[in-house]
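The first residue of the sequence shown is numbered 1, and numbering continues consecutively from there. Order of appearance sets the numbers: ligands from 1, and atoms from 1 within every ligand.
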Amino acid sequence: MANRKRLKSVTIPVSTFENVMKQFDQAAVKLNIDPGLLEFLKYPRKSTIVKLPVRMDDGTFKMFTGFRVQHSIVRGPAKGGIRYHPDVTLDEVQALASWMTWKSAIVGIPFGGGKGGIICDPSQMSLGELERLTRRYTAALMDSIGPEKDVPAPDVNTNETTMAWIMDTFSMHSNHTVTSVVTGKPVVLGGSLGRREATGAGVVLTVREALKHLNMKPEKSTAAVQGFGNVGSVAALFLQRLGVKVTHVCDVFGGLYNPDGIDIDALIEYVKENKKVGGFPGAKAFDKDEILYTKVDILVPAALENQITAENAFHIKAKIIAEGANGPVTPDADPILQENNVFVIPDILCNAGGVTVSYFEWVQDRMGFFWTEEEVNLRLEQFMTNAFNDVLKVALENKAHLRLAAFMVAIQKVADVVQLRGIYA
Ligand code: NAD
């Protein structure tokens, strides 16, 4: 009983950005790069804090705080989502922006890293309040964002409607329609077919490659998915299509369990109506906090960061962790997982499908010529399998785990660009 209690109390580390810096440092020492240059690559180039007054539905004004961080623009415009959450901090946004830099480099798309966030609780706000908050945030960032500068996208609690408001606000201030200022827009506004599914689809492409590498058969494998939003629900669906039995899923409210596999198509329809997985017929309820410790082959954390730490990593039973979320495993948990032979597909590789199809969307907007869903999916598959195999090769050559190899690949790519461009002075 005491042990169970301990399992549930996951300590949130003081700084998520410190976690990224640790991951960076571990890879940097393996590379032959000037320490001064490493220092330049490590820290965000620009962090903006904006204060946002918003008129609420009851007529009062409420102040909100928003952030936008550009970690790097060395390889192209900053790129990254915007998160609406009560716990958003500048530290978290800096960490998420940094991961975006490395992610874009790994898949080889011409973007840097950025991220945004607003401290708010969208579940307590009306659609009108969210629209006014989003438009005010966009107006406050008019100087920093833009197709050549910094291109936002959805993240936790933001979606294609949020992106439509940003696109419209930016376009109104520019006096012409600028579709390529954001990605993850509705398709009729210049969004890309396949973008909504891209992150979850990419997660499963990396799982497919990992299963091949580990000589495991999808149809003999089981999976648990933490989080049933954009990433988690699509990852669960595509795992099921790959032949994997998804036995456990959960969202912030509760968990579901069916040893014969949950019907994910039906669950997605249920969640559209009910806004939560709880109560779904055809699966039993179970404690959502136990999902990380279930005995499955594949665990997909697809909710928030800092879920698997040194305190609970010993209890992970999965053979593969596919990091759908950003930063779900802390640096002090990594060695424990390695010791226990857990094959971790790191976030900067695993969930890079989203930014990859965001890049396709940006390309299509700038060309004014749109691709079929088949073309998008085919290109996504090429980018993700190439990235996975590039990272795996470096891992095998260096006897390194995949996260270390992924950071080595990414840092080297960005450093090479800086070396060629030179430092302007
Ligand atoms: P989302 O808001 O669509 O879904 C989040 C899900 O997590 C929801 O089902 C929510 O109920 C659940 N959740 C939140 N807290 C939880 C908790 N404590 N326990 C269990 N479930 C919990 O968000 P999303 O877009 O799916 O993003 C999820 C993660 O994936 C984030 O880390 C995000 O940064 C990352 N990510 C998203 C994208 C993207 O394209 N959306 C791309 C790359 C990475």
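- Comparing heavy-atom distances from atom 4 (O) of ligand 1 across P122, G229, G80 singles out G229 as nearest.
- Among V355, L96, D289, N230, the residue whose heavy atom lies nearest to atom 41 (N) of ligand 1 is N230.
- Residue contacts with ligand 1, taken as heavy atom pairs separated by less than 4.0 Å, involve R195 solely via side-chain atoms from C-beta onward.
- Annotation: F253 is not in aromatic contact with F228 [ring centroid separation under 6.0 Å not met].
- Ion pairing between a basic and an acidic side chain is recognised when a charged N comes within 4.0 Å of a carboxylate O; D297 and K319 show such pairing.
- Counting heavy atoms under 4.0 Å from ligand 1, residue E305 does not touch it at all.
- The option from G227, S358, A303, G353 that lies nearest to atom 28 (C) of ligand 1, judged by heavy atoms, is A303.
- Of all the heavy atoms of N351, the ones lying under 4.0 Å from any atom of ligand 1 are found in both the backbone and the side chain.
- Taking the charged nitrogens against the carboxylate oxygens, D143 and K149 have no contact shorter than 4.0 Å, which rules out a salt bridge.
- Taking each of V231, V252, V271, V277 in turn, the one with a heavy atom nearest to atom 12 (C) of ligand 1 proves to be V252.
- What sits closest to atom 33 (C) of ligand 1 on the protein, heavy atoms only, is D155 OD1, 3.2 Å.
- Centroid-to-centroid, the aromatic rings of F343 and H213 come within less than 6.0 Å.
- Aromatic pair F407/F24: centroids not less than 6.0 angstrom apart.
- Using a 4.0 Å cut-off to heavy atoms of C250, the atoms of ligand 1 that qualify are 20 (C).
- Looking only at protein heavy atoms, the nearest one to atom 40 (O) of ligand 1 is T199 OG1, 2.7 Å.
- With I268 as reference, L237 is the one residue of D263, L237, V277 to meet the side chain to side chain contact (heavy atoms under 4.5 Å, CB included) rule.
- When side chains are defined from C-beta on, L256 does not count as touching H248, because their heavy atoms never get closer than 4.5 Å.
- The contact set between ligand 1 and N157, taken as ligand atoms under 4.0 Å from a residue heavy atom, comprises 2 (O).
- Distances shorter than 4.0 angstrom do not occur between any heavy atom of K276 and any atom of ligand 1.
- Taking a cut-off of under 4.0 Å to the non-hydrogen atoms of A325, the atoms of ligand 1 that pass are 29 (C), 30 (O), 32 (O), 35 (C).
- Counting heavy atoms closer than 4.0 Å to ligand 1, residue A153 contributes nothing at all.
- Taking each heavy atom of A223 and L239 in turn, the nearest pair found is CB-CD1, 3.9 Å.
- Among all protein heavy atoms, the one lying closest to atom 44 (C) of ligand 1 is N326 ND2, 3.4 Å.
- Between D150 and R68, at least one side-chain N (NZ, or NE/NH1/NH2) sits under 4.0 Å from a carboxylate O, which counts as a salt bridge.
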